[in-house]
Every structure is written in structure tokens, then in C-alpha cells.
Amino acid sequence: MIKTDEQKDRALDFIRQIIAEDLKSGKHQRPVTRFPPEPNGFLHIGHAKSICLNFGIKVENNGVCNLRFDDTNPSKEETTYVESIKKDVAWLGYDWGKRPFYASDYFPQLFDFAVALITKGKAYVCQLSPEEIRAYRGTLTEPGKESPFRNQSVETNLNLFKKMRDGVFGEGSHVLRAKIDMTSPNLNMRDPVIYRILKSMHHRTGDTWKIYPMYDYTHCLSDMLENITHSLCTLEFEDHRPLYDWILDTLDTPCHPRQIEFARLNLTYTVMSKRKIMQLVEGNYVEDWNDPRMVTLSGLRRRGYTPSSIRSFINTIGVGKRDSWIDMTVLENSIRDDLNGTAARRMCVLDPVKVILDNFPAEQVDEIEAKNHPQNPEMGNRLIPFTRELYIERADFMDNPPRKFHRLGPGREVRLRYGYLIQYVSHTTDERTGRVVEIHCTYDPETRGGSAPDGRKVKGTIHWVSAEKSSPVTVRLYDRLFTVENPEADKETHFVEHLNPDSKITLNNAIAEPSLIELLPGDSVQFERQGYFCVDPEESEEGIPVFNRTVTLRDSWAKKR
RNA sequence: UGGGGCGUGGCCAAGUGGUUAAGGCACCGGGUUUUGAUCCCGGCAUCCGUAGGUUCGACCCCUACCGCCCCAGCCA
């Protein structure tokens, strides 16, 4: 058993326990799993749970995990989705081997299995309309009725099924159904449709096929053909397991994978369903599928989440069968935790106000040395220009501060991080708006680097940036997309009404220290005292970075107030 | 009212008949700190949906009840 960094010292979840037992008993030599997305949309954090589970099991046990596209519904699927899914799985750090698999590769074999089913008298072609099939199915409490076509001869069924394949019939006119039990309390067993006629273009097989197999029929057989040992899926498929097993048993296949169901991920303050995500995009509530506020993997990537932070997040939430809601703070914690160790520290003033050091020579430029990481000397140092005119954060000055305010104000002295101690002299205010225009201070030349030879202490250290030697940059402050934990909880209110109006705040005049301009798209840094930010890969240009706030730093001062 | 699942602190989650009922997130204190960050220390379920029962002993076994989720696509 190989334990990855992300899941060391954690008890095995119930699925890994089952697998460990199957390995120990010799039932299997190694586990074979699969991640089977339908290529009809983009992957999100919920998919990451399945990906990390299936591929994680492979990595931990030296097994196999296939990437298989479940492409049995040509009307919804596209090659662009195939490509984006491959990109996201690879980005998460997983390797699906030589090639991805496709359910559509099995269409010929699946057809032969269907013929075998018909021959065994276990499937029939039904000409009931969709409405009639529904009516014949019965309800949750009443049994269904048998189709009048149920007892047709094998020859008739074979003949009809081949005509279906040959495109003789129109969509909706005929289906192939498994002959099971119309009185079963499990609706999935009431002669489920296993093939339907569809005349749309398939993204891989084009118009070769006029009939397409249904999920329940396809999935178990695809698993079997790939020698999957454990077929992991979400809870809503529990009722489908009897059908999964029935098909493999009836066909008497050489192997019979075990389906195990686990709870899907729910995350607070966001929406996860494909339909809801699509509504956000189409209603222009967000900019695209990869909007940094989205929990799509492409959105999280653009937001600055790292693959390892997502793997560690998935690992901490566990795998079980309870419908649970994971608090968004858990996800946020995972990226803070990761970036805290790896992100270089930088200074950037988001909402600048000018500070003038009256006793600092106008032409002088001091090159101040600053650590790139306070706990990791290996990350080295850098030089930052220090000049007479600086910018500090507007929130770091108060005309009339409360006692506990550790920053700049009348009569106060603060430390400019890695710079000098500065002492307040005076400030000017715009008469109309009441806003502070500029603050005059003096600096203590003896305190270069930030410590006073006389040992005097200051309570506050604030970040700053040279007014002349720095560059304005665009910074987007992203926050949670919704203001409530579960935007879909209330059936009366449309979920978009719970959208957070401040989920994206664009700052066009943040001032960045010089080294920030050299960053490459995707790079992550910590803006000291602010949060973690990454260079947006879409909208940045060389020398003109656009920063996305990944997550804020914890702020116990903000909490106190 | 049929069937399939699930109920351990605010949110997750270990626990599989004998434990002071792990751990993480959140929250609350305190310490260190040139980020009110990080880090460190401490606090946070006499109780495991409820009620009975079995047992020397039950969160773990049995019974009943209650609550929540899923299922009536020719979607996956």
C-alpha cells in the first residue's frame, strides 16, 4: 500500500477497505478502476472527488485506472469536452496510461451482446410510444403492465432490432428492452430500455450508428470489457445496481465488476450541477466556464488553486455514504495551506494613499532587501526601491483610530516592512469628500531594515510601495459567488437571487512592487497582509500582469471588529 | 402508501462489543512573530436520531419509531 502525501495517516474509507480486503483475500491481484465522465460539459470540484478516488486507488495499490468517456448520447456530447476533460485530469496530476477509452469503441460488441440477449429471450423490441412506455411502467406504488410486444418471437425481435440498426425506423418508434419484471418494486427493473434510435451525429462515430445503447446497459459491459474490478459511482445509482448485475449475470460474462456507491460532494456557497453552472454562464452572471469564481476545475485553476491543494482537500473530506455539505472554508483552507509554504511574498498596495517622508532626500533611492519567504531562507531575498514618496494602504491610516489599531495615525510611529520606522507629522484631507489626500511623515535613518538600535518597539508593520518606482496593476478581488450556504435550498427563490454582488471587485489602480511585473501567467504569490494572488493566464500580457485573488489571508483583526 | 440508502459536536469524519468517543475545518482563549499571516499551546460531544431490548459491558447486536436523501428519461 503506497500512501501519498495527501492521504498519509488517514484511516481507509469504506471503499478502500473493501479493496484492501479483496486484495488480501486474493480475489484480485490489483485493483482496476475507471473514471467515466460523459463528455457533455466541463469538470468541476465534484468530479475531482471521483477522479481522486479512482486514480488515488490506482496510485496507492499499483493498480490501473482508466479514463473512459461515456459517450452514448450523441446529441449532448462534443470533442471539445473530451479535450477539456483530458486537460483537467492531467492537471490534477493523474495518468490514464496509453490511451483514453470510449464507450463508443464498444458499440459493435455492445450490439452483439444485445443480439445475444434477444437470442436468450431476455430482450425484445417494443413499439410502444414513449408516453405509452411511461404509462405501462406503473408508479412507485403500483406495478407496471407488460408490453404487448413482450412475447414476440426471438426471430421477430432479431429482425426488428437489425432494422433498427439499419436505420429503417424513425426515432422514438422502436426501442430494445430488457425482459425482466414489470412488477418489480425497483422501477429500473421494469423492462428497461437498453437501446434507442437516435439519428444525430456522434462526435466519434459520425452517422455510422442509428441506434445507441443506454447507460445502464453500456456501463456494466464497458466495465466488464475493461476488466474493472471496482466500479465506483455516486449514490443515485444504488437502484441501478440490480440492473448492472442482471445484465452481466444474464450474459454470463467472464468477469463481473463490483459496483460501489459513494456520496457526491456538496460545497457550501456555490452550485455544482451542470445545469446550474450552465445557467450562470448563459445568463452572464459569470464570464465563462472558467470564471475564477466557478468551482469548475478550469475556474479553480484560473483562480489560483493548485492540483495538490485540490487533492488534499478531497482527501480531508473523506468518502462515505452520507449526504453531506462540506464547508467552503475547508476548500479555502486547503489552498492557503499549500500556498503558505510555496508562494513568494511580495508587496502590493491595493487601495493606495500617498505618504511623503519630509526628511528623505528627493532624489535618493534606497535598495531595501526583503525576504521572499519569512520561514524559508532558501527562497532568497530581493531588493525593493525605497523613495521619499510612497504608497500605503488607505486602510492602514486612521485620523482618529481606536486604541487597538496598530497602524498609522496622528502621533503614531509604524514600521514599513523591511524599510524604516516612520513617524506621523501631518496629513491633508479633501474638503469635499473627506478623504485623506496625503500623509506627511519623517523616517528614522537609524532604523533601516526595520529595527531600531535603541530597541524601541512599534506595534504595527505595514506594507508599502515606492510611488515613483512601482507600477499600477489590475487586481481582481474574488469572493464567494453566493451569499448563502445553499443557494438551491429554497424552492421559492431562484438561486441567482442569492448571487453575491461583490463576488468580483476590480481594482485598476493597485500599485505593485517592481518584481511583480516579471511574473508569468499562472504564477502565485502572497501579497503580504492581503492574500494569495495569481497572474491571470487569460488576460495578462507580458509586463502587464492582471492579478486574481485566490484567497485572503486569515484576518483575526477583521473578526474582532 | 412501494423500493433503495443514510443518521457521531456548527461542518466533515474516525470508530466494526470493553477507548478519557481520533483527526481536520470553524469558533474561543493564550504565547511567539518586522505579514493583526504562519507557527505553538490550551478550550470546544458525560455523549453517538429517539425509545425499548440483548449483554457483566453497546456508538458498535436486536426491535420499533422519527428524520433526511434517491428512484416513475427512448439522460448519464
Side-chain angles (χ1 to χ4, degrees), chain A residues 9-13 17 36-38 40 70-73 75-76 126 128-130 133-135 137-144 171-177 184-190 192-198 211-212 214-216 218-219 233-242 261 263 268 274 315-334 336-337 340-341 345 347 370-371 373-375 404-407 415-419 421 449-451 457-463 485 526-531 552-560:
Chain A
D9 297 333
R10 193 178 213 296
L12 295 185
D13 58 66
Q17 277 180 38
E38 182 186 14
N40 69 343
D70 221 337
D71 54 350
T72 57
N73 185 351
S75 59
K76 292 184 171 180
C126 181
L128 253 24
S129 69
I133 287 181
R134 190 185 320 128
R137 185 154 32 225
T139 66
L140 294 179
T141 51
E142 302 162 73
E171 289 188 10
S173 65
H174 297 64
V175 289
L176 183 69
R177 293 228 250 167
S184 171
N186 181 345
L187 303 205
N188 294 303
M189 299 299 268
R190 320 243 263 227
V193 171
I194 58 178
Y195 262 96
R196 78 290 213 190
I197 299 168
L198 248 29
I211 56 171
Y212 290 89
M214 297 284 287
Y215 166 84
D216 285 310
T218 307
H219 208 88
C233 62
T234 44
L235 252 26
E236 66 269 28
F237 292 104
E238 281 178 315
D239 288 345
H240 296 240
R241 183 166 12 103
E261 310 84 10
T268 58
K274 217 163 266 181
N315 189 250
T316 62
I317 64 174
V319 179
K321 301 195 71 154
R322 308 181 203 172
D323 294 307
S324 58
W325 281 80
I326 307 296
D327 200 290
M328 183 60 96
T329 58
V330 181
L331 214 211
E332 292 169 346
N333 180 259
S334 75
R336 274 198 199 101
D337 196 44
N340 175 47
R345 272 52 172 173
M347 293 200 286
K371 294 176 183 172
H373 193 290
Q375 281 85 33
K404 294 275 193 65
F405 187 77
H406 296 172
R407 311 174 188 181
R415 173 186 297 109
L416 295 177
R417 175 141 242 231
Y418 299 122
L421 263 39
S451 49
K457 301 272 188 246
V458 292
K459 44 224 166 274
T461 299
I462 63 177
H463 61 284
E485 289 198 344
Q526 183 195 93
F527 289 175
E528 295 216 23
R529 303 210 303 136
Q530 302 284 352
T552 61
L553 254 30
R554 282 202 187 85
D555 189 352
S556 57
W557 167 241
K559 262 174 214 154
K560 247 172 232 165

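Numbers restart at 1 for each chain; the letters A, B, ... are given by sequence-line order, proteins then strands.
Taking only distance into account, the side chain of A/Arg407 meets the base of B/rG36 through a donor-acceptor pair shorter than 3.5 Å. The base of B/rA37 is paired with the side chain of A/Gln375 by a donor and an acceptor separated by under 3.5 Å. In the interface, the side chain of A/Glu528 is not paired with the base of B/rU38 through any donor and acceptor atom under 3.5 Å apart. Judged by atom type and distance alone, A/Gln526 reaches the base of B/rU35 through a side-chain donor-acceptor pair under 3.5 Å.
Among the heavy atoms of the strands lying under 4.0 Å from A/Met214 are primed sugar atoms or P, OP1, OP2 only; no base atom is included. At the heavy-atom level, A/His240 lies under 4.0 Å from base atoms of the strands shown.
Base orientation at B/rG30 is anti, since its O4'-C1' glycosidic dihedral falls outside 90° of 0.
In this entry the distance linking CD of A/Glu261 with C1' of B/rG3 reads 14 Å, nearest Å. Spacing between atom CG of A/Asn315 and atom C1' of B/rC12 amounts to 13 Å, rounded to whole angstrom units. Distance CZ (A/Arg529) to P (B/rU33): 18 Å, rounded to an integer number of Å. As rounded to whole Å, 15 Å separates atom P of B/rC69 from atom CD of A/Glu236. When rounded to the nearest whole Å, the span between CE of A/Met189 and C1' of B/rG2 equals 16 Å. As rounded to whole Å, 15 Å separates atom P of B/rA37 from atom OH of A/Tyr418. Between the CG atom of A/Asn340 and the P atom of B/rU35 there is a distance of 13 Å, given to the nearest Å. The interatomic distance linking A/Ile197 (CD1) with B/rG73 (C1') rounds to 16 Å, in whole Å.
OP1 or OP2 of B/rA76 sits under 4.0 Å from a side-chain N or O of A/Thr72. A close approach under 4.0 Å does occur between a side-chain nitrogen or oxygen of A/Ser556 and OP1 or OP2 of B/rA37. A/Arg345 has no side-chain polar atom (N or O) that falls below the 4.0 Å cut-off from OP1 or OP2 of B/rU38. Contact annotation: A/Arg196 side-chain N/O to B/rA76 OP1/OP2 distance is under 4.0 Å. At the phosphate of B/rU38, OP1 or OP2 sits under 4.0 Å from a side-chain N or O atom of A/Arg554. At the phosphate of B/rG73, OP1 or OP2 sits under 4.0 Å from a side-chain N or O atom of A/Arg137.
Here the side chain of A/Phe405 is nearest to one of B/rA76, B/rG36, B/rA37, namely B/rG36. With B/rU35, B/rG15, B/rC71 as the candidates, the nucleotide lying closest to the side chain of A/Pro374 is B/rU35. Closest to the A/Phe237 side chain, of the nucleotides B/rA76, B/rG36, B/rC12, is B/rA76. Of the candidate nucleotides B/rC75, B/rG2, B/rA76, B/rC75 has the atom lying nearest to any side-chain atom of A/Lys76. Side-chain atoms of A/Ile317 lie closest to B/rC12 of the nucleotides B/rC71, B/rC12, B/rA76. Of the candidates B/rG36, B/rC74, B/rA76, the closest approach to any side-chain atom of A/Asp555 belongs to B/rG36. Candidate nucleotides B/rA26, B/rA14, B/rA76 were compared by shortest atom distance to the side chain of A/Asn333, and B/rA26 ranks first. When distances run from any side-chain atom of A/Arg336 to the nucleotides B/rA26, B/rG36, B/rG73, the shortest one goes to B/rA26.
One C1' atom belongs to B/rC28, the other to B/rC65, and the distance between them is 38 Å to the nearest Å. Between B/rC27 and B/rA72, the two P atoms lie 40 Å apart (nearest whole Å).
The aromatic rings of A/His406 and A/Trp557 sit parallel, their planes meeting at an angle under 30°, below the 60° perpendicular limit.
A donor-acceptor pair under 3.5 Å links the side-chain atoms of A/Asn186 to the main chain of A/Asp239, judged by distance alone.
In this structure, the side chain to side chain contact (heavy atoms under 4.5 Å, CB included) partners of A/Leu235, at least two apart in sequence or on a different chain, are A/Glu238, A/Glu261, A/Ala263, A/Lys321, A/Asp323. Under the side-chain hydrogen bond (donor to acceptor under 3.5 Å, both in side chains) criterion, A/Gln375 pairs with no residue, sequence neighbours left out. Qualifying side-chain hydrogen bond (donor to acceptor under 3.5 Å, both in side chains) partners for A/Thr234, counting only residues two or more places apart in sequence or in other chains: A/Glu236.
Residue A/His406 and nucleotide B/rG36 are classified as a stacked aromatic pair, their ring centres being separated by less than 5.5 Å at an interplanar angle below 30°. B/rA76 has no base stacking with the ring of A/Tyr215 when judged by centroids under 5.5 angstrom apart and an interplanar angle below 30°.
Looking only at side-chain heavy atoms (C-beta outward), A/Asn73 and A/Met214 stay at 4.5 Å or farther from each other.
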Polar-atom pairs under 3.5 Å, protein N or O versus N or O of nucleotides 4-8 of chain B: list them with distances, or write none.
residue: B/rG4; atom: O2'; partner: A/Asp239; partner atom: OD1; Å: 3.3
residue: B/rG5; atom: O2'; partner: A/Glu238; partner atom: OE1; Å: 3.3
residue: B/rG5; atom: O2'; partner: A/Glu238; partner atom: OE2; Å: 3.4
residue: B/rG7; atom: OP1; partner: A/Arg322; partner atom: NE; Å: 3.4
residue: B/rU8; atom: OP2; partner: A/Arg322; partner atom: NH1; Å: 2.9
residue: B/rU8; atom: O4; partner: A/Arg322; partner atom: NH2; Å: 3.3

Polar atoms only, N or O, under 3.5 Å: list the protein pairs with nucleotides 28-30 of chain B and their distances.
none

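In RNA chain B, the stems built from three or more successive Watson-Crick or G-U pairs (distances below 3.5 Å) are B:2-7 with B:66-71, B:10-12 with B:23-25, B:27-31 with B:39-43, B:49-53 with B:61-65.
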